[in-house]
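A quick write-up on the structure given underneath.
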Amino acid sequence: MGQRQPSRRQKTALLCYQDANPQLKLACAKLFIKWCFNKVPLSESCSKMDPEDNKQTRLSKRARRRYLEADEDEEESRDVDLSNLSVAACSSNFTLEPVDFRTPLSLGQTIGLAPAGSGSRVDSTSSILQTSSLVSHAQVPDVAALLPVLETETGATPAHPAPLPLRQPCDFGEMEDTLPITAEIGEFPMDCVAPEFNNVECDFETFSRFAVEDVDVDMLEEEPAPSLTDEKKPLYEGAPITSVESLTAIMSFIQSEHISGAGLGRLLSLISLHLPTPNNFFTSSRGLFKSLEDHEEPVDISYFCSSCLQQLRSSTDLCENVSCTDENKSICMFIHLPLIPQVQRMCNRPNFARDVEYRFNRVKENNSNLEDIYDGKAYKAAEQQFRAGETNLTLTWNTDGLQVFNSSLMSLWPFYFVINELPPNKRFLTENMLIGGIWCGVTKPHPNLSLKHIFQDLKVLQNGISINENSVSKVYVKLICGTCDAPAIAYFLNMKTHSGFYSCHLCLCYGENSKDTGDVTVLPFEEHFAPRTLEQYHNNVKFAVENRVLHNKMLQNDERCCGIKGPCLLSFMVDNLFLSTAIDSMHCVYLGVMRQMLNLWFDKVYKEEPFSIHSKIKTVNGRIKNIEPPHFLERMPETIDKLVHWKASMFRAFLFNFSLPVLFGVLCTEYFENLILFVTGVSLLNSSSVSPEDIQIASLVLSSFVENFQTLYGKRHMSHNIHMLLHLSENVEYLAPLWVTNCFKFEDMNGRLLQLVHGTRHAGLQIHANLSMVTHLPLMVHNLENGNVKQYCQRLRYKWMQFKISSRIADNQFCIGAVKPLSPTDYWMLTEISQVTLHPTANNIQVFERLYKDGILYVSENYKKTHRVSSYVKYDCHSSKELGNIVTFVKITETSSDYYAVLKRLQSSHPFSSGLGPVRHLHEIHSPHVCIDVVPVSSLKTVLFKVQISGTLYASEPLNGFELE
C-alpha cells in the first residue's frame, strides 16, 4: 500500500489552513490532530505482516474500545510504557517525527517530537526512534504553527508535561500542562503516528461508527454531543419536544425503517437544516451514538484459527501450530457478551418483576394439563432447587448458523437464552432475549470453545447475583433446557450427526445401512429402544477420550461409545443432557416429516410408486387455490408446483388445517388413514392444553404411524425425522407442549439480528453495537411522558398493525373502521338484539364490520374488501363452546356503550377419525345454521380456518394462541 493518503476531508482541512480566520484554523488543527492520533495498537504480530498488506481496519468508536479492552489484562505486560515521557517546550524548530509502526516497539521505547531535520528525541533518557520515510513533512502543517492557534483558543501556555491516564476525551477548552503518551498492544497496525501536543489531551478513539470520509467536508468542526442528563431540556428554545424525546423518536425510526449508518448521517443533516440555531440536536451520527454510551454493556473477544482452532492473541496474529498446514485457513472470532450485566439490566427494568410472576398469575384451562413449560418435569425438578423469598429464573438455550452474505462463507452463530418466567407473548421480544455470545467465521463453532465463557457465566448466575449495588435480595438463574435443529444437537452434544449410526440423542437405536435401504443410513422401526442414560453417557465419554474416537470414525460406531465422540460442556450446564434437549417441531415435523411426505406424493421421481399422486397435482392445486385463510395467517397457501419455496409456517398450516380436507379422496385409503394418524398425534401434542390422556393417545398413534410408514413407503425412507416422532410424546411430557420449544421465534430473532448488519466487515461487532440500542429502546419509549412523541414511537413499533381504530372497547379490544347507523335492511336484527337489551331501537344501535381482540382480527361476513375470511369463529354461549359465522358487530348506546357480535350458530361434526378418537380441531359444517346468537365481543375465542372443498365446508381451529402469525 505504501504511503497513507489523507482523505478528502483531511485534504480540505489542510488547504483551508492558510486561511486567516482563527476559528477555521482551529477546526483544521482539531481535524489534523484526530487524523494523526488514532489509537495506535502495537503487537508482536505486526512484525510478521507484509508491509504491502498492512491495511487499516475501521471500526466504530465503541467497537474499537471493546475490541481493545477485551485482551487488556492479557496484553498489559507487553504495553509500551511511555508514561514517563517529557517534552521540552515547543518552538518553531520542532516538526513531526513520523514513526513506522510496522516495526514493533520494545518496552520503554518512546515516540514524540523531534527537532526539525534531526532524527533524535529531545528527551535524552528515552530510546532513539529514527525518522521514517512513510510520511513526509510536506504533507502536514508544522506542529509549532498549530500550537499558537490552540493557545489563542484556550489562553494557556505550554509547560513541562506530567503523565496522565490514557482514555480521556478531547477537551480543547482547558489547558493541561501534561503530555500523556502511551501505546497499547492491539490489532490495527497503522502506517504512522504523530506525538501529542503539550496543551492537547488527545482522544485516540476518534473513529466513530462511520468512516471519516462519509462525513460532510464542510462539517469541519465536531460539535459536542447534547447532554441527556436533563430530560426536560428542550430541543431548542420554545420547542414542543425535549432532546430525549427527539433521540427516542429518531432511534425508533432507525429501528423501524432499518436505516444504515450512512443513511442515518444524511438523515440527521436533513433534520438539522429545519431547526433554528442554537439547538440541542445531534449534528452527526457520532454525537447521537455517543449519547447512548451509558447503555453499552461489556464484551470479550477471542480469536481462533479456523483450521486447528488454536487460540490466537489478535485478529492479525498468525497460527503458530506447525501441524496446521491448511492454506485456506482464516481467523474465527467469538464475541462473548457477558450474561450477568444483561440479567441485571432486565431485572432493573420497570414491570419486569411483575412479568416474571406470570406463572403464578396465569389462568389454566385444566390444572392437571400441560399448558406451558412450568408444567413439565424439567421445570418441576428445577423448582426443588429454587430459593425461597428470592427471584428465581430459568433459561432455555438455542443456537443456529446464519449466512450473513450470499457471496461469502462467513456465518454467525448467536447463542440465545430465553427467560421462561416471562409470559409467552413477551418471552421472545428482542429486548427480553439474552445473547451469550456470537461466533463469527467460515467454520462451525467448536462446542466446548464457544461455550466456555457462557459456562462460567451460568455458574455465577446459578449461585446468585445482586441486581444492583444497593440490592439486598439476589436473583438465581438456572439453565433447564434447550432447542435447536438435529445437526446443531449432534454438534453441541458432541455425537454422531443425524445421517449416521447411533444418531438419536434419546435412545440407542443403531440404524441400518444396506441394499434394502439404498445404501443410506436409516433408523428402522422397533417397538422398544433402550434410552440413553447419564451413567452410560459417562462410560461412553471415557471410552471416546481414551481411544481418541474423534479421530477414528470406525470406533464411533462401537457399542462402547454409541456415537459419542467426546465430552461436552453442555452436560455440565443442564441436569439431564438428553431429555433437556428438545425435539424441535419446526425442523423435525414441519420441515422434516411433512415436507418429506409431500415430496414422496408429488415428486415425479416417485411417480411410478404406489404412494405417488403426481398425476393429481392439478386437482390438489385447484383445491388449495380455493382456500380462504384468516387474516392472522401471514403467508397465503401456495400450490404444489411451488413446494420448493414453502416456508416452515406453510408446512405447519398445511399439516394441521388443510392436508386432510385437500387430500381426502385424492390419496389412497391406506395412505390417507396413515396421514390421519400423523395429524392426530402431532395436533394433540401441539395444543394449548395437553392432558396426560392426550400424551398417551399421541404416543400410540405416532407409533402406529411410524410402523405403517415403513410398510407403506419402504425402509429406504425411514429417516431420522420419522424416528424422532417416537420420542415426541416423551419430549412433551418432560418439557412442554411442542409450541413452547419450537424454533420459530428463534428464527425470527435471527432475521432481526441480520437487520442490524449494515456493513460488510465485522458483522458480529455491528450486531453487538446495534443490539445495545435495540434492547434499550423499549425502556426509553416507556419512560417518555404520554404525548405525541410516545404515540409516534409506539406506532412505529407496531406499524404492521395499520388499522383505523374507531374506539377502544376494553383492554386489547378495539372497534376497527367506520361505525354506521343501522340500515332498514338490518331491522330484522332488532328482534335478535332483544336477547341482550329490553327495548332496542334503530336510533341507539350502530353497526361495524371489524373487531381487533387479543391480537386477532375478527371480520364480519359482510366485509368484502379482502380475499381472506375471518368471520368463522369459536365463541362461548350459555356456558358452552359453539361455532359460528359473524353477521355483524353492533354498538348499543342506551345508557353506556356495549358491544356485541351477531352470529349464525353453525352445526358441525368431526369428519376424520384415527380409530382412537376424532381429529378434534377439524369440523365439517352442515347447513342450515341453527339460530342467531348475540353475544358480547368478549365471548369470542378465536378465528377458524375456512376450507371449501367440492361443495363441502370445513372449519379448522388453531391449536394454540401462541402460534397465530
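Numbers here simply count residues along the sequence, with the first being 1. Computed from a prediction, not measured in an experiment: that's the story for all the values here.
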Would Ser323 and Asn321 count as a side-chain hydrogen bond (donor to acceptor under 3.5 Å, both in side chains) if you check the C-alpha gap in whole Å, the side-chain angles of each, and the deciding distance to 0.1 Å? CA-CA 5 Å; Ser323 61; Asn321 186 357; 2.8 Å; yes
CZ (Phe386) with more than 12 external heavy atoms under 6.0 Å: yes
Please tell me whether Phe525 and Phe705 form a close aromatic pair, meaning their ring centres lie under 6.0 Å apart. no
Please confirm whether the ring centroid of Tyr510 lies under 6.0 Å from the ring centroid of Tyr502. yes
Looking at Arg548, I'd like to know if its CZ atom is crowded, meaning that more than 12 non-hydrogen atoms belonging to other residues, nucleotides or ligands lie closer than 6.0 Å. no
Looking at Phe709 versus Phe678, is the centre-to-centre ring distance below 6.0 Å? no
Side chains of Arg716 and Thr517: donor-acceptor distance under 3.5 Å anywhere? no
Within the 3.5 Å criterion, strictly below it, is a donor on Ser689 or Asn369 matched to an acceptor on the partner's side chain? yes
Going through the checks in order, is the salt bridge (charged side-chain N to carboxylate O under 4.0 Å, His left out) test met by Lys380 and Asp375? CA-CA 7 Å; Lys380 291 181 177 179; Asp375 305 317; 5.7 Å; no
Centroid-to-centroid, Trp646 to Phe651, below 6.0 Å? yes
If you apply the rule side-chain contact (heavy atoms from CB on, under 4.5 Å), what do you find for Tyr358 with Tyr374, and how did you get there? CA-CA 10 Å; Tyr358 164 76; Tyr374 322 116; 3.4 Å; yes
Given Thr396, which partner from the list Asn420, Thr741, Thr483 fulfils the side chain to side chain donor-acceptor pair (under 3.5 Å) test? Asn420
Kindly indicate, with the supporting measurements, whether the criterion salt bridge (charged side-chain N to carboxylate O under 4.0 Å, His left out) is fulfilled by Lys647 and Glu747. CA-CA 12 Å; Lys647 302 297 184 182; Glu747 294 290 338; over 6 Å; no
Please find out if less than 6.0 Å separates the ring center of Phe428 from that of Phe746. yes
Please identify which of these residues, Leu370, Leu702, Ile697, meets the side chain to side chain contact (heavy atoms under 4.5 Å, CB included) condition with Leu685. Leu702
Before giving the answer on side-chain contact (heavy atoms from CB on, under 4.5 Å), spell out for Trp413 and Leu402 the whole-Å C-alpha distance, their side-chain angles and the decisive distance to 0.1 Å. CA-CA 6 Å; Trp413 286 73; Leu402 305 178; over 6 Å; no
Is the Phe611 ring parallel, tilted or perpendicular to the His717 ring (thresholds 30°, 60°)? perpendicular
With a 4.5 Å heavy-atom cut-off, do Asn432 and Val418 have their side chains touching? no
For the pair Gln596 and Trp601, evaluate side-chain contact (heavy atoms from CB on, under 4.5 Å) and give the outcome as yes or no after the intermediate values. CA-CA 9 Å; Gln596 179 183 356; Trp601 294 332; over 6 Å; no
Side chains of Lys478 and Asn392, donor plus acceptor under 3.5 Å: no
